Amino acid sequence: MMSEPKRLHPASAILTFFKQLKDGIFPVIVLFFVNDYKIYFFIGLAVILIAMITYSIISWMKYTYRIEENEMRIEFGIFVKKKRYIPIERIQSINESAGIIQQIFGLVKLQLETAGGGAEAEAVLTAVTKEEARRINTALAERKKEMVDQDEAAMTIKEDKTYLTYKIGVKELLVAASTSSGIGVVLSAAFAFFSQFDELIPFDDIIDRFSFLSNASITVYAVLVFLAFFIAWILSIIGVCLKFANFTVMKKEQDLVISRGLFEKHQLTIPLERIQAMKISENLIRQPFGYATVHIVSAGGSAKDQNVSAILFPLIKKTKIQQMLTEFTPDFSLSDQLNPLPKKAKRGYVLVYTIPFLVISCILSYFFQPWGYIALLTVPAGLLLGLASYKDAGWDIHDEQLTLSSRNLVKSTFVVKRKRIQVIEARQSFFQRRIDLASIQSSTTSGMGGTHFMVKGIDIEDAGEVFEWYSYENHAKKDAIL
């Protein structure tokens with residue numbers, strides 16, 4: 001019975017111990033290097049480890065969960081007993097994942113997420129068996145159906161039932177990894193690592209070993225820079241492949257079940273009714289080849305998992321998006337043609353993207369002659385980016401759906417239903433006011449602070465048309481007529 005208090009699998013104590021160990025490893029390393037009395041260090045370390053093991057075991061014993069009276073009830077705490085009761089109707093998605101420890105014991109981690117969730121999931125069951133996870137999913141689904149007074153009893157899903165399924169292929173995975181922006185993540189991680197451990201890395205010895213490069217030509221430096229970026233690119237490919245390996249989307253009745261991962265497996269269940277909008281992204285590399293990434297903007301979800309779990313298709317041909325949306329998310333469609341921005345908006349886009357490159361290039365050229373003049377090559381790049389941003393921006397209204405498109409480095413197309421829009425805002429800068437232009441921003445509920453999407457340079461009359469379409473009074477009159 002799910003109403004009886006249950007404990008997590010004992011492996012939860014191991015996970016708690018390693019979490020404490022991870023949080024305290026850096027201070028321990030620092031203490032080891034600064035402490036001259038090593039014997040006291042090891043005695044203190046032994047005492048700390050025993051305390052951590054004891055704390056982990058007692059925490060596991062005190063942590064219980066159950067489903068009772070239409071609530072998920074969790075009780076925990078050693079010195080202060082805490083109770084957390086979560087109404088089942090507030091649970092919007094169940095994220096299932098399995099780290100290394102869970103996989104060793106054949107377990108999974110369940111994260112129960114609610115609408116407007118904070119930085120962490122509302123409830124986390126760190127270690128339960130796969131059978132127990134299925135029982136919890138089934139119990140929550142049955143209680144939800146009972147609460148909305150549905151006549152049909154919860155049906156047990158048969159193992160041999162066929163569902164609409166999409167699975168990323170090896171070719172698509174490699175193309176997605178090769179054209180992703182993961183190289184920036186790798187370089188940022190490398191910089192963060194060196195900045196944190198710069199005192200432990202013998203930079204002086206490394207510099208001495210490569211002192212012969214001080215007299216090298218510019219060609220040698222160019223080759224070294226190229227090799228560094230190439231290695232970062234290879235590492236980013238490996239990271240993306242590991243993250244999205246076995247990526248599968250399965251449509252089960254009114255839910256989308258998204259699973260991914262090789263070493264660390266994740267599974268997320270998103271009810272179709274909680275999908276707020278769709279976002280199609282095309283970066284500078286993928287767009288010329290006709291590839292895009294499709295994201296889901298959904299209500300609920302923890303902040304740290306929001307970006308990853310919202311990916312519906314990591315890589316897909318743009319010509320196939322409409323078909324896939326029709327099959328998996330039939331409420332949304334992709335507009336064939338957007339209303340372009342007026343020609344008078346082009347100058348603003350060009351200036352916004354060109355002036356910063358021009359100013360920075362002039363500064364570098366003045367202080368770092370003659371190599372600083374190379375920075376002037378970025379000015380034409382800014383000009384081309386401004387023209388591309390102007391060309392790719394647009395909007396469209398089709399029945400109850402609004403489509404907005406814009407570009408920074410990545411072209412993004414935002415598709416949202418009128419009933420899912422929380423707020424539509426119109427803004428005018430000083431320069432826009434002089435030539436009758438405006439910026440339109442649509443906001444929907446998502447994660448902690450919502451999702452906002454803006455298109456700049458829309459004609460003032462077109463902005464008025466968007467507001468009239470969104471107006472509650474106009475739609476109320478239309479419904480009354482019908």
Side-chain angles (χ1 to χ4, degrees), residues 89 92-93 113-117 148 164 249 251-256 258 268-281 292-301 306-307 309-313 316 318 320-339 393-406 411-426 439-455 458 462-482:
E89 68 267 17
Q92 303 299 339
S93 61
E113 300 173 340
T114 60
V148 294
L164 181 64
V249 181
K251 185 179 180 182
K252 292 185 175 181
E253 298 178 352
Q254 295 301 310
D255 294 333
L256 290 180
I258 303 174
L268 176 69
T269 302
I270 303 177
L272 290 175
E273 63 182 9
R274 303 308 303 175
I275 298 178
Q276 306 296 298
M278 308 298 295
K279 182 180 177 183
I280 296 94
S281 301
T293 302
V294 179
H295 305 258
I296 289 177
V297 179
S298 64
Q306 183 175 347
N307 291 334
S309 64
I311 294 179
L312 180 61
F313 305 118
I316 186 172
K318 194 171 180 181
K320 294 183 179 180
I321 292 179
Q322 180 56 61
Q323 174 189 346
M324 300 300 285
L325 291 182
T326 302
E327 294 177 352
F328 286 90
T329 55
D331 286 344
F332 297 90
S333 61
L334 191 63
S335 297
D336 296 331
Q337 188 173 1
L338 300 178
N339 297 305
W395 64 280
D396 181 60
I397 293 174
H398 180 70
D399 294 333
E400 291 294 295
Q401 178 179 283
L402 173 65
T403 302
L404 300 175
S405 178
S406 68
K411 178 183 177 182
S412 299
T413 303
F414 189 74
V415 183
V416 61
K417 291 292 182 179
R418 177 185 170 274
K419 63 182 179 180
R420 299 298 188 185
I421 299 175
Q422 298 295 316
V423 179
I424 280 188
E425 296 180 69
S439 299
I440 290 291
Q441 177 174 285
S442 172
S443 303
T444 61
T445 302
S446 169
M448 295 181 65
T451 298
H452 314 285
F453 197 88
M454 178 182 289
V455 178
I458 294 180
D462 293 338
E465 182 179 342
V466 175
F467 265 90
E468 184 178 356
W469 168 81
Y470 182 67
S471 170
Y472 174 81
E473 294 181 0
N474 289 337
H475 281 267
K477 291 178 181 178
K478 181 179 178 181
D479 294 339
I481 293 174
L482 296 175

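Just so you know, residue 1 is the first one in the sequence shown, and it goes up from there. Quick caveat: nothing in here was measured; it's all calculated off a predicted structure.
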Once you measure the plane-to-plane angle for F328 and F313, does it fall in the parallel (<30°), tilted (30-60°) or perpendicular (>60°) bin?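 Rings of F328 and F313: perpendicular, as their planes differ by over 60°.
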
Minimal non-hydrogen separation, [X] against [Y], with atom names:
X    : Y    : result
I311 : I258 : O-CD1, 3.9 Å
F453 : S412 : CZ-O, 3.2 Å
I458 : A463 : CG2-N, 3.7 Å
S335 : T403 : OG-OG1, 3.2 Å
I280 : A292 : CG2-CB, 3.7 Å
S442 : L404 : CB-CD1, 4.0 Å

Close side-chain approach of [X] and [Y], heavy atoms under 4.5 Å:
X    : Y    : value
W395 : V455 : no
L256 : I275 : yes
S281 : H295 : yes

[atom1]-[atom2] distance between [X] and [Y], expressed to the nearest 0.5 angstrom:
X    : Y    : atom1 : atom2 : value
D399 : R418 : CG    : CZ    : 12.5 Å
L338 : S405 : CG    : OG    : 5.5 Å
K279 : L312 : NZ    : CG    : 14.5 Å
F414 : H452 : CZ    : NE2   : 10.0 Å
K318 : T293 : NZ    : OG1   : 12.0 Å
I440 : L402 : CD1   : CG    : 9.0 Å

Is the number of heavy atoms from other residues, nucleotides or ligands under 6.0 Å of K411 NZ greater than 12?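 Enclosed.
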
In sequence, state the C-alpha distance, the side-chain angles, and the governing distance for L272 and D331, and then conclude on side-chain contact (heavy atoms from CB on, under 4.5 Å). CA-CA 9 Å; L272 290 175; D331 286 344; over 6 Å; no

Given 3.5 Å as the limit, does a donor-acceptor pair link the side chain of [X] with the main chain of [Y], or not?
X    : Y    : value
Q276 : R274 : yes
D396 : N339 : no
W469 : Q401 : no
K251 : E327 : yes
Q322 : L334 : yes

From CA spacing to verdict: side-chain contact (heavy atoms from CB on, under 4.5 Å), M324, I316: CA-CA 9 Å; M324 300 300 285; I316 186 172; 3.4 Å; yes

